[in-house]
Each structure stands twice: as structure tokens, then as C-alpha cells.
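Everything below concerns the one structure shown next.
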Amino acid sequence: MTTFADLGLSPKVLDAVEAAGYTIPTPIQAGAIPHALQRKDVLGIAQTGTGKTASFVLPMLTLLEQGRARARMPRTLILEPTRELAAQVEENFVKYGKNHRLNVALLIGGVSFDDQLRKLERGADVLIATPGRLLDHFERGKLLLTGVDILVIDEADRMLDMGFIPDIERICKLIPFTRQTLFFSATMPPEITKLTEQFLHAPVRVEVAKAATTAKTVEQQLVKSGKKDWEKRAKLRDLIRAEEDGLKNAIIFCNRKKDVSELFRSLVKHEFDAGALHGDMDQRARTTMLANFKDGKLKILVASDVAARGLDIPDVSHVFNFDVPIHSEDYVHRIGRTGRAGRSGKAFTLVTPSDVKHLASIEKLIGEDINWYDGDLTTLPVSEETDEAPRRGRNARGKSESKRKPRNEGRERERPQSEIDIIAAAERAKETGEQPVIEEKPARKTAEKPQKAAIKAENEQRRARPAAPQEQPRRERDRDHRRDRGDNEPSPVGFGDEIPAFMLIDTKI
DNA sequence: AAAAAAC
């Protein structure tokens with residue numbers, strides 16, 4: 001059997017790999033590392049979670065042992081689609097580069113330029129970047145890419161989805177063609193193939209098992225829900241409580257950033273140990289939330305699809321899809337956050353009548369039918385609860401809640417759309433391939449309209465101006481959730497009564 | 001129906 005020692009890595013690297021507890025390389029590592037060490041271009045087709053990162057980090061470390069970096073002339077460049085992934089790659093260099101003395105610089109948006117400039121000045125052996133900030137530095141003349149010997153393009157198909165390809169093309173053209181290129185993508189759509197033809201030289205193709213099939217270690221279930229947000233939130237709370245026993249930690253995915261912050265605040269109000277993660281949040285908050293979740297200081301992370309791919313959190317016990325993802329591949333990525341490294345995991349997806357179309361395409365993609373949750377959440381005592389916070393008289397900030405009238409009282413009795421109908425329609429949709437028809441009353445729009453218009457206007461304003469400092473979660477709190485909140489302000493759970501410093505200070509210190 | 005990324 002192949003071991004890391006057989007791949008041609010240097011003793012320093014092998015020592016660090018061993019110290020990290022690994023002896024057997026994954027297929028992508030075994031396939032890519034020997035070629036990378038021979039300075040060949042590599043086209044790696046692999047999903048995240050296959051050990052892809054180490055398949056370029058380890059050979060790079062070995063190759064970097066020869067030579068030194070010069071100021072403003074990084075020796076290697078790694079491009080990542082999101083800030084979190086870039087940071088994660090940096091952590092890998094720290095872990096496996098513990099026997100090396102390499103300068104690693106992380107160039108991502110949302111944080112100050114100064115540290116990044118200092119590291120560039122000092123000479124970076126490894127530059128890890130998201131495209132926007134990299135080009136920003138370049139345009140300011142702080143960076144020369146003519147000294148780059150190794151270029152890594154990671155998650156290329158995701159870069160495509162995100163519209164980064166023009167940036168990638170531009171960056172590729174700034175780097176001498178004598179470089180070595182390591183290129184990774186989970187899928188190979190035509191645009192990506194074109195890119196590899198343009199920028200790779202006689203690449204060695206390393207392909208590992210496609211993970212369009214979901215991990216066997218993940219137990220997937222569908223949960224019927226009414227379509228209204230408050231119904232979904234109530235259902236989710238019931239579900240989390242029903243799963244309480246085996247629930248070590250959980251990621252809850254929403255389709256929209258707005259829903260992430262809404263749900264986050266609702267959960268906090270209901271005294272769940274929850275945090276939030278989405279791309280409009282202050283970078284400091286993003287980093288802190290993710291770090292706390294990884295460290296187990298935060299039990300529940302409500303997130304947008306920024307967290308769907310690639311994030312390496314080995315121990316997530318549950319994934320909840322608050323919304324059915326619109327693109328079926330995202331479902332695979334999301335539930336792939338659990339059941340990692342051979343551990344078992346559970347994935348629950350809330351399904352409303354309007355979701356059955358997307359559900360059908362998910363089941364088609366993964367090639368199996370997902371079971372419906374058979375536990376009866378309605379028998380749980382908590383399901384009689386309204387969407388209001390538990391009435392304990394006093395919340396964390398000591399304000400009395402007793403004055404407030406429980407507006408939602410009795411709502412739970414107004415049962416959502418017949419749940420049986422949802423299942424039947426979903427099954428019909430699968431058989432016929434057609435869009436299921438469920439009778440739905442058009443949503444009544446009355447008093448809510450002006451409020452919605454105001455929110456929309458505000459959103460557009462927000463988009464137009466640069467990201468406000470201190471965006472999340474405090475600011476968003478005041479926006480559009482009067483229905484879901486009382487006059488009490490939830491304090492972020494996991495920090496006790498204290499508002500953590502990162503939420504109170506301005507971004508730029 | 002969305003999200004992601006530079007200031």
C-alpha cells in the first residue's frame with residue numbers, strides 16, 4: 001500500500017505529516033503529489049473533502065525548500081474563491097510547514113491592507129489570495145507576479161459560478177508561462193475545460209471518484225413544513241429539540257443572507273446557542289463565528305452557502321437545510337459538511353409545498369429518494385409553543401417581556417398546507433417529471449406591503465454604499481423583524497450577557 | 001428564488 005513516504009516528499013514534510021497523524025495518502029494525494037514534485041502541471045478533478053488541499057500544499061512545501069523569496073515577488077500563488085477557504089489553506093501551510101521557515105501571506109478582502117503589505121514587503125514564499133484583493137494589491141503596484149514559480153487554482157468551477165473567470169484569466173497572464181500550474185475543480189464544465197487548455201501545459205489528469213453521490217455515513221431526511229417563515233422556524237426548533245440527544249453541533253443553511261440573520265436572531269431569542277455566517281458580515285465577525293464554531297464554543301451555525309463547500313469542520317453532527325437549495329449540487333455540498341472522515345452525520349431538510357420541484361431535482365441528482373421524517377413533531381410539548389420567545393419574564397438584558405402581547409398565539413393551530421399533500425405532490429413530480437401542482441392560496445398582501453417596500457429600498461441603499469462597518473449582527477437586527485421580536489434585544493448566545501468586542505468596535509482599528 | 005468577491 002502506498003504511504004506518504006513513497007511519494008517523494010522531503011523529510012521535513014514527512015515529519016509534519018506524521019506529526020499530524022497521517023500515514024496513508026488519499027487517492028487525490030497519491031495521484032497528484034508525485035507529478036507535482038516532478039514539476040508537471042496537474043489537473044485535479046476532485047471534490048472538497050477528498051484531501052485535495054494537502055495534495056498541493058505538501059509538494060509545494062517540498063519544492064519551496066530550494067530558494068528564497070524576494071520583496072514583493074512571491075514565489076508561489078494560490079487562488080481561492082472565498083476568504084474562509086483561503087484562510088483554511090493558510091492553516092494547512094502552518095500545520096505542514098512547521099519544520100520550514102516560510103513566509104506565508106494571506107491576501108483577502110475585508111481586512112486591513114497593512115499587515116498584508118508588510119508580508120509582501122518581507123518577501124512571501126506562499127501567497128494565498130482571493131482574486132479581488134490580489135488584483136487590488138497588484139494595481140497599487142505592491143506586488144509583482146513575475147517571480148511566481150507555482151500557481152494553484154483551487155475550486156475552479158466554483159470560481160466560474162462566482163464570475164471570477166475573467167480575473168483568473170487576467171492573473172494567469174501576469175505570471176510567466178514557465179511556471180508550474182496545479183489546477184483543481186470538482187466538475188469540468190466546458191468553460192473550465194477551455195481554461196485548462198489555455199493555461200495548462202500537458203497536464204497530468206488526476207481524477208477521483210465523483211461525489212455526486214452523497215456520503216453513505218450521512219442519514220438524510222425530509223421534514224414537512226408550512227411555507228411561512230415563522231412556520232419553518234417553529235418546525236426547525238421542534239426538530240432541533242427532537243434531535244437534541246445526538247446533536248453535538250449543527251450547521252443550518254438558508255438560501256438568503258437575509259434569512260440567515262433573521263433565523264440567527266430568532267434562534268438566539270429562543271435561547272439556542274447560535275451564531276451566523278454570511279458574506280455581508282464584517283470579516284471579523286465571520287472569522288470569530290467560524291473559529292468559535294470550530295472550537296465547539298458555538299453549537300449552531302446559521303449560514304449561507306458561503307459555508308457550503310470546502311470548509312473543513314471535521315465534527316459536525318447535524319446539517320439542517322432551512323431552505324431547499326435551488327441548485328441541487330448545493331444540496332450535496334451542504335450535507336457534505338457532516339458525516340466527514342467516516343463519522344456519522346444527520347441531514348434534515350425542511351420542505352414546503354413550493355419546494356417539491358427543487359426536491360425532485362435533488363433526488364434525481366443523488367439518485368435516491370430521501371426518506372420523510374417519521375417522528376411526529378406535533379406530539380412534542382414544545383410544538384404548542386408560539387414563535388415568540390419563551391416567556392420567562394426576563395430576558396438576558398433584564399427587560400420585562402410581560403407587557404408584550406403574544407401576537408402569535410393560536411397560530412400553531414392554523415395547520416400548514418396539508419403535509420400529506422406535499423409528499424403526494426413530490427411523488428407525482430418525480431414520476432411525471434413535471435412541476436407539481438398544489439393548490440396554494442395567493443399570499444395576502446395588505447399591511448405588510450409598505451414595510452416590504454421600505455426594506456427593499458433600504459437594501460438597495462445598502463448595496464449602493466460601501467459595506468457599513470459593524471454590519472452584523474447588531475445593525476441588521478433593527479431592520480425587518482418586528483414581527484419576530486419583542487422590544488427586547490437578544491444578546492448573542494455563547495457570550496453570555498456580554499456583547500463580544502468584535503461586535504462593538506469599528507472594522508478598521 | 002441566491003451566494004460569493006475589492007474599495
Side-chain angles (χ1 to χ4, degrees), chain A residues 48 79-88 106-114 116-117 128-143 153-171 186 227-229 232 251-263 276-283 286 290 302-311 321-331 333-334 337 350-359 361-362 435 440 443 452 456 459 462-469 471-472 506-508:
Chain A
T48 51
L79 294 172
E80 293 288 335
T82 68
R83 298 170 186 174
E84 277 76 14
L85 283 177
Q88 198 167 281
L106 180 64
L107 303 190
I108 59 172
V111 294
S112 114
F113 275 83
D114 297 348
Q116 299 179 355
L117 284 175
I128 305 158
T130 46
R133 182 56 73 95
L134 181 87
L135 287 170
D136 203 340
H137 278 288
F138 182 79
E139 279 158 14
R140 292 170 189 226
K142 304 297 180 192
L143 181 62
I153 297 168
D154 198 12
E155 303 263 339
D157 52 350
R158 193 169 179 205
M159 302 250 205
L160 173 73
D161 289 345
M162 291 166 66
F164 282 170
I165 297 305
D167 287 348
I168 299 300
E169 285 177 332
R170 190 171 156 213
I171 293 165
K227 64 182 291 182
K228 296 205 175 66
D229 281 354
K232 293 174 81 173
I251 304 181
I252 304 172
F253 285 103
C254 301
N255 287 355
R256 300 170 198 77
K257 290 179 280 204
K258 170 178 152 293
D259 293 321
V260 170
S261 38
E262 223 170 271
L263 178 61
L277 183 68
H278 68 67
D280 278 355
M281 282 166 56
D282 178 78
Q283 186 58 36
R286 279 169 73 163
L290 187 59
V302 188
S304 69
D305 279 316
V306 70
R309 300 195 202 191
L311 286 195
N321 288 312
F322 184 75
D323 299 306
V324 176
I326 296 159
H327 295 299
S328 43
E329 324 86 70
D330 287 335
Y331 176 83
H333 292 297
R334 287 180 181 185
R337 295 308 98 208
L350 294 189
V351 182
T352 73
S354 38
D355 293 327
V356 286
K357 177 178 64 167
H358 293 123
L359 176 62
S361 70
I362 288 168
Q435 183 164 352
E440 280 181 54
K452 278 201 173 158
K456 210 173 164 190
N459 280 340
R462 290 153 65 84
R463 224 169 288 135
R465 67 171 185 251
E471 167 109 8
Q472 164 77 18
D506 200 289
T507 339
K508 298 218 173 79

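Just so we're on the same page: letters track the sequence lines, and every chain starts at 1. In what follows, every heavy atom counts, from backbone to side chain, and hydrogens, waters and symmetry copies are set aside.
- Taking atom NE2 of A:His278 as the reference point, atom P of B:dA5 lies 11 Å away to the nearest angstrom.
- For A:Arg286 and B:dA5, the shortest distance from a side-chain N or O to OP1 or OP2 is below 4.0 Å.
- The shortest distance between the side-chain N/O atoms of A:Lys258 and the OP1/OP2 oxygens of B:dA2 is not below 4.0 Å.
- Taking 4.0 angstrom as the limit, A:Ser354 places none of its side-chain polar atoms (N or O) nearer than this to OP1 or OP2 of B:dA1.
- For the pair A:Arg140 and A:Phe113, the distance from NZ or CZ to the six-membered ring centre is under 6.0 Å and the angle to the ring normal is within 45 degrees.
- Classification of A:Arg309 and A:Asp161 as a salt-bridged pair holds, one side-chain N sitting under 4.0 Å from a carboxylate O.
- As a whole-Å value, the separation of A:Asp280 CG from B:dA3 C1' is 9 Å.
- Relative to the side chain of A:Thr130, the nucleotides B:dA3, B:dA1, B:dA5 differ in distance, and B:dA5 lies closest.
- Atom pair A:Arg334:CZ and B:dA3:C1' shows a separation of 10 Å (rounding to whole Å applied).
- Residue A:Arg83 has a polar side-chain atom (N or O) positioned under 4.0 Å from OP1 or OP2 of B:dA6.
- Within the 4.0 angstrom heavy-atom criterion, only backbone atoms of the sugar-phosphate kind lie near A:Asn255; the bases stay farther away.
- As rounded to whole Å, 17 Å separates atom P of B:dA4 from atom CG of A:Leu160.
- A:Asp323 comes within contact range of no nucleotide atom at all, as no heavy-atom separation falls under 4.0 Å.
- A:Gln116 places a side-chain N or O within 3.5 Å of a backbone atom of A:Ile108 that can act as its donor or acceptor partner.
- Which of B:dA4, B:dA2, B:dA5 sits closest to the side chain of A:Ile326 comes down to B:dA2.
- Separating the CG atom of A:Asn321 from the P atom of B:dA2 is a distance of 17 Å, rounded to the nearest angstrom.
- One interatomic measurement links the two molecules: CG of A:Asp259 to C1' of B:dA2, which rounds to 10 Å at whole-angstrom precision.
- Shown here are the ring pair (Phe, Tyr, Trp, His ring centres under 6.0 Å) partners of A:His358, two or more places apart in sequence or in another chain: there are none.
- Here B:dA1 presents its P atom at 16 Å from CG of A:Asp229, a figure rounded to the nearest Å.
- Rounded to whole Å, the distance from CZ on A:Phe138 to P on B:dA5 is 23 Å.
- Taking CD from A:Gln88 and CD1 from A:Ile128, the interatomic distance works out to 11.0 Å, rounded to the nearest 0.5 Å.
- Side-chain proximity of A:Arg256 to B:dA6, B:dA1, B:dA5: nearest is B:dA1.
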